[in-house]
2 protein chains.
Amino acid sequence: MPRTLTDPTADRAAAFATDAAADGLTVSLIGSCVATLTGRSQRDLAAGVRTLLWKPDDTVVVHGASGRDPDAWASGGPVTVDAADGLTVACDGGHTAGALRVRFDAVHTATAFDAAGADATTVSGTEAALKDRVLDTPDLVEPGFQPLATERDTPAGPIDIYGRDADGTVTAVELKNVRAGPAAASQLQRYVAALRRTLHADATVRGILVAPAVTAKTRRLLADRGLTFSPVSPPGSRDR
Amino acid sequence: MPRTLTDPTADRAAAFATDAAADGLTVSLIGSCVATLTGRSQRDLAAGVRTLLWKPDDTVVVHGASGRDPDAWASGGPVTVDAADGLTVACDGGHTAGALRVRFDAVHTATAFDAAGADATTVSGTEAALKDRVLDTPDLVEPGFQPLATERDTPAGPIDIYGRDADGTVTAVELKNVRAGPAAASQLQRYVAALRRTLHADATVRGILVAPAVTAKTRRLLADRGLTFSPVSPPGSRDR
DNA sequence: CGTGCCAGGTGCCTT
DNA sequence: AAGGCACTTGGCACG
């Protein structure tokens, strides 16, 4: 059963928020506030009307006028509420993160509610689905490609798919379900180099990057290193 | 001036949200909802009480019970509201992102407010500050290091700091203001290789990764490639 | 708990 | 618009 306060005093809002959090509820505060983050990087939010969410896991997010990401946030520390000079919500995020302090001049709306069930999500269409598709139809990678193992371990990390090409040459396949950048090429290169060291000194090892697309620079990087790009769209994609 | 509705009908809430958005206000809806994202990756949120924020830039974020990141979001498309079967907020994020549909069984609180001023932020202590510090005191990188240029362009991308070491050897410095992982080592390696190709064939080129710390595997990667790690904490850091 | 790596990454800036 | 890269990246899975 959600509770709501309109234009509460700082004292009332502080008690309201503290009680709600103690009951495991999510608290939403809408009002005019300033915020500061002190730590490795300093960040200051000028006065403005924002939404603060204090979640039951003691994550605090402060959302401003635009964008998907919060303007400021903190998690990890205990959350403290103080009504000495306006309503102040504070949370220390630890050494690397820093400490967040949000001070409200005025709280327009304070709402507390039980976010029951609000954490069950089902996801599909991720890299795992792409892997399934490739394992099901290895020819998508390259005609004659034969998968032998997934997540095969090397000193440089696990190879997404390890196998042999039509000629029997050892091949490392790296999967990306998004347009691949230089980091993907470097990653594949590390795996191939590790395989060459692991296997016999004169062993030939190929590397294939499987992704819906690559950037131009990445395509050059791959070519320079004798690596191959194979375009494969993820299962649910509209551009089959 | 914020407006608030408590337990509105779907019709009332829809009109309220549409009007508010037309006025450039931010809309906050708290209530029981399900959500689906259809596109390259499929995501389904089971029934639960969540907070939906519809921002003036037509970003829609849906926050659940935990975590910094929204459970679902959309931006890019126009946002549509429909009251046919409960309150449905929808936004098509385009080809790669997919389309978001959030359907509320019940809206507990609907609030609309002008998020004026809520986008002015000041940031300091980022990588730029680390660069300033290093340029001010090059010995932090290594005794005798001399910076010659920043953002020097190579075929592999811009080098953070380009200079010479105490012996006059050409040196590429890559800055990270966080603990560095394998990607940073690869990035530095690409820059060094590009410099070797650009300069005379027999030119010696060194690479130094400057960061507060590196992971163990990254340290090995650097050593294997003859690259150097130099620990430097960012200016505001507590561990000086 | 550290380390590595994916992510609908997002956001910012340059060409 | 596309590419490249930092980010308090967040979050997950694994040793």
Side-chain angles (χ1 to χ4, degrees), chain A residues 37-43 59 61 66-76 91-100 121 123-128 130-131 151 153 156-158 160 174-184 187 190-191 211 213-221 234 236-237, chain B residues 37-43 59 61 66-76 93-100 121 123 125-128 130-131 151 153 156-158 160 174-185 187 190 213-221 234 236-237:
Chain A
L37 174 81
T38 52
R40 168 163 299 176
S41 87
Q42 186 89 17
R43 180 172 300 211
T59 300
V61 296
S66 69
R68 189 205 80 129
D69 287 348
D71 289 352
W73 70 94
S75 66
C91 177
D92 192 336
H95 183 277
T96 52
L100 175 69
T121 71
V123 184
S124 65
T126 171
E127 187 183 271
L130 175 60
K131 184 191 292 184
E151 305 298 332
D153 226 19
D160 283 345
E174 171 67 21
L175 301 173
K176 293 290 164 190
N177 69 341
V178 294
R179 185 185 247 264
Q187 194 179 352
R190 287 202 302 276
Y191 294 158
V214 288
T215 64
K217 185 176 283 191
T218 305
R219 188 182 290 270
R220 278 200 304 277
L221 261 175
S237 182
Chain B
L37 174 80
T38 52
R40 169 165 298 179
S41 90
Q42 186 89 17
R43 181 174 299 217
T59 301
V61 295
S66 68
R68 190 207 78 131
D69 287 349
D71 289 352
W73 67 96
S75 67
H95 183 277
T96 53
L100 176 68
T121 71
V123 183
T126 172
E127 189 182 89
L130 175 60
K131 183 190 292 182
E151 305 299 332
D153 227 18
D160 283 345
E174 171 67 21
L175 301 173
K176 293 288 165 192
N177 68 342
V178 295
R179 193 197 234 296
Q187 192 179 353
R190 287 202 303 276
V214 289
T215 64
K217 185 176 284 190
T218 305
R219 189 182 291 269
R220 277 200 305 279
L221 262 175
S237 183

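First the proteins, then the strands, lettered A, B, ... as listed; each starts at 1. When reading the values below, keep in mind they use all heavy atoms of this one structure, side chains included, and skip hydrogens, waters and symmetry mates.
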Under the side chain to side chain donor-acceptor pair (under 3.5 Å) test, which residues partner B:Arg68, sequence neighbours left out? A:Asp69
Describe the nucleic acid contact of A:Gly181 in one word from base, sugar-phosphate, nothing, applying a heavy-atom distance below 4.0 Å. nothing
Which atoms form the tightest heavy-atom contact between B:Thr215 and B:Gly181, and what is the distance? OG1-CA, 4.3 Å
Using 0.5 Å steps for rounding, measure from the OG1 atom of A:Thr121 to the CG atom of B:Leu37. 11.5 Å
Shortest non-hydrogen contact from B:Asp71 toward B:Ser66: OD1-O, 4.5 Å
Below 3.5 Å is the cut-off: list the nitrogen or oxygen pairs between protein and nucleotides 6-9 of chain D, distance only.
from: D:dA6; atom 1: OP1; to: B:Glu174; atom 2: OE2; distance (Å): 3.3
from: D:dA6; atom 1: OP1; to: B:Lys176; atom 2: NZ; distance (Å): 3.0
from: D:dA6; atom 1: OP1; to: B:Gln187; atom 2: NE2; distance (Å): 3.2
from: D:dA6; atom 1: OP2; to: B:Lys176; atom 2: NZ; distance (Å): 3.0
from: D:dC7; atom 1: OP1; to: B:Thr126; atom 2: OG1; distance (Å): 2.5
from: D:dC7; atom 1: OP1; to: B:Glu127; atom 2: N; distance (Å): 3.2
from: D:dC7; atom 1: OP2; to: B:Asn177; atom 2: OD1; distance (Å): 2.8
from: D:dT8; atom 1: OP1; to: A:Arg43; atom 2: NH2; distance (Å): 3.4
from: D:dT8; atom 1: OP2; to: A:Arg43; atom 2: NH2; distance (Å): 3.3
from: D:dT8; atom 1: N3; to: A:Trp73; atom 2: O; distance (Å): 3.2
from: D:dT8; atom 1: N3; to: A:Trp73; atom 2: NE1; distance (Å): 3.4
from: D:dT8; atom 1: O4; to: A:Trp73; atom 2: N; distance (Å): 2.9
from: D:dT8; atom 1: O4; to: A:Trp73; atom 2: O; distance (Å): 2.7

Over how many whole Å does the gap from B:Arg220 atom CZ to C:dG4 atom C1' extend? 12 Å
Would you classify A:Ala180 as touching base, sugar-phosphate or nothing, given that sugar-phosphate means primed atoms plus P, OP1 and OP2, and contacts are heavy atoms under 4.0 Å? nothing
Between D:dG11 and C:dG11, how far is it from one P atom to the other, in whole Å? 15 Å
OG1 of B:Thr126 to CZ of A:Arg43, rounded to nearest 0.5 Å, is 9.0 Å
Using atom P in both nucleotides, what's the gap between C:dG4 and C:dG8 to the nearest angstrom? 22 Å
Atom CG of A:Asp69 and atom P of C:dG9 are separated, to the nearest Å, by 13 Å
Going by side-chain contact (heavy atoms from CB on, under 4.5 Å), name the residues that satisfy it together with B:Asp160, two or more places apart in sequence or in a different chain. B:Glu127, B:Glu151, B:Glu174, B:Leu175
In whole angstrom, give the distance that lies between atom CZ of A:Arg219 and atom P of D:dA2. 15 Å
Rounded C1' spacing from D:dT9 to D:dC5 in Å: 12 Å
Atom pair distance, as rounded to whole Å: CG in B:Asp153 and P in D:dG4: 12 Å
For A:Ala216 and B:Gly67, find the nucleotide of DNA chain D closest to each by heavy atoms; which residue's nucleotide sits nearer the 5' end? A:Ala216
Report yes if at least one side-chain N or O of B:Arg179 is closer than 4.0 Å to OP1 or OP2 of C:dG2; otherwise report no. no
How long is the span from the NZ atom in B:Lys176 to the CD atom in B:Gln187, to the nearest 0.5 Å? 4.5 Å
Is there a side-chain contact between B:Thr215 and the phosphate of C:dG4, meaning an N or O under 4.0 Å from OP1 or OP2? yes
How close or far is atom P of D:dC14 from atom NZ of B:Lys217, stated in whole angstroms? 15 Å
What integer distance in Å separates B:Leu130:CG from D:dC5:P? 18 Å
Looking across every strand, which nucleic acid part, if any, lies under 4.0 Å from B:Ala184 by heavy atom: base, sugar-phosphate, or nothing? nothing
